[in-house]
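Here the structure comes first, spelled out in structure tokens, and everything after it is commentary.
All chains are named by letter (A, B, ...) in the order of the sequence lines, taking the proteins before the strands, and each is independently numbered beginning at 1. Note that this is a predicted model, so its numbers are computed, not measured.
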There are 2 protein chains.
Amino acid sequence: MNNRTDTRERILDSAEQLLATRGYHGFSYQDISRPLGIKNAAVHYHFPTKADLGVAIVRRYRDMLKAASDGFMKFGGSARLHLEAYLDFFMKEACENQTMCPMGVLTADYFSIPESMREEGSKLEQEVFAMLIRVLEVGREQGELHFEGEPRTKAVMMMSVLQGARQLARMMGSDVLATAIEELRRELYVEPSTAAA
Amino acid sequence: MNNRTDTRERILDSAEQLLATRGYHGFSYQDISRPLGIKNAAVHYHFPTKADLGVAIVRRYRDMLKAASDGFMKFGGSARLHLEAYLDFFMKEACENQTMCPMGVLTADYFSIPESMREEGSKLEQEVFAMLIRVLEVGREQGELHFEGEPRTKAVMMMSVLQGARQLARMMGSDVLATAIEELRRELYVEPSTAAA
DNA sequence: GTCGAAACTTACTTATAAGTAAGTAACATT
DNA sequence: AATGTTACTTACTTATAAGTAAGTTTCGAC
């Protein structure tokens, strides 16, 4: 059982990395099995089809995000700190291996991935979106975050910027993502000039 | 010669569409040849390798953008109208067939496309980026556009939002992109509140 | 009317992806 | 000590992608 979980988990780790780097059609079972020193069919044992594997990756990512978010709520949970944690995590993940945002992968390959993966991706998207909106709402109430208009609109802008910048950074260099995140922080944290003077 | 150009151009049209819909690894020469009623090898005649085809698609897109931008300059060319033309074009292209932004495709598949395509993509990126920065600079001087900070930073944000929102719209629906573009316009066109009251 | 080049088609080859069926080693249970 | 289940491996099959070599048609120039 220890061994079982181990191999399964290692496959998922490797596949997640490959998916985020090369997209759904950009890697094969061989790319997973060879570096792990196992056989192709071993991967099929744990994940009969590539669709199963894809779904499992997204599901695990959802679980991880949920756990991280829940864990954060337990510590008082200021909206600003919650957001900071997310941005730090996002930035670190992006810079370490130049991967795409998981939502970026899913939307890029959207019309060529199995239906089951699309469904799982849709759930992830709704959860991330809901989380962001919630943080923005609470943050504004707490006076920690500042923005005009609907939280939903701001959430759309933030998700788009993060995903877009992370992808652009692969081609243009990581400072593009750093610039974008810095600007997002500035917009949200600095109070509008009405309070000044 | 008429016929030559015709088939070549039709191949490019079809391949461009496929690339923007399914990514570089998501389509094959068959997907191109079959609907056109030609043979697989006919595609290879015009584009010996898939890398050649990919490069040609990006190159043609660059040429098209350059022509459109140049054409716009001839008509007086207010920065705001130039930007409007680009946003309209972008929105229309996205909504008609739920394609990705060309830069989105290139960055998503970045580590699994041929080197030659990466180089061509890099040129496209620099041109789009330069164009955007220029429009922002001129627009601010003309008093048509309003934003804080460096034009480069604003350009990074805009490119990221456009690319990110266009991809997210494939999963979440086209109103996400509409919302994002509307918000971009609002930010740029509405003067900051210091001028009011 | 023939020659040659352009624009293909026919008919392959080679590699790889995804998946399966049958067998085996280890270990856990009764 | 036999039995079964888990976690694999070996050895395939099938499909498809990418590319190539050689032949064919068309059509304009000479």
Distance-only polar pair, side chains of A:Thr49 and A:Asp52, donor-acceptor under 3.5 Å
yes

In whole angstrom, what separates A:His44's NE2 from D:dT13's C1'?
12 Å

Taking NZ, NE, NH1 and NH2 as the nitrogens, is one of them in A:Glu183 or B:Lys154 under 4.0 Å from a carboxylate oxygen of the other?
no

Here the distance between atom P of D:dC8 and atom CG of A:Asp6, to the nearest Å, is 9 Å

Rounded to whole Å, how long is the line connecting atom CG of B:Leu53 with atom C1' of D:dA18?
12 Å

Please check the phosphate of D:dC8 (OP1 and OP2 only) for any side-chain N or O of A:Thr7 closer than 4.0 Å.
yes

Nearest-angstrom distance from the residue atom NE2 of B:His46 to P of C:dT9
9 Å

Do the ring planes of B:Tyr86 and B:Phe89 sit parallel (below 30°), tilted (30 to 60°) or perpendicular (above 60°)?
tilted

Can you tell me the distance, in whole Å, between the OH atom of B:Tyr24 and the C1' atom of D:dA18?
10 Å

Output the rounded distance in Å from CG (A:Leu36) to C1' (D:dT9).
15 Å

D:dA17 phosphate, OP1 or OP2: any side-chain N/O from B:Tyr29 under 4.0 angstrom?
no

Criterion side chain to side chain donor-acceptor pair (under 3.5 Å) on B:Glu120 and B:Tyr61, from CA distance to verdict
CA-CA 10 Å; B:Glu120 200 63 30; B:Tyr61 192 84; over 6 Å; no

Examine D:dA18: is either OP1 or OP2 under 4.0 Å from a nitrogen or oxygen in the side chain of B:Lys50? Give yes or no.
yes

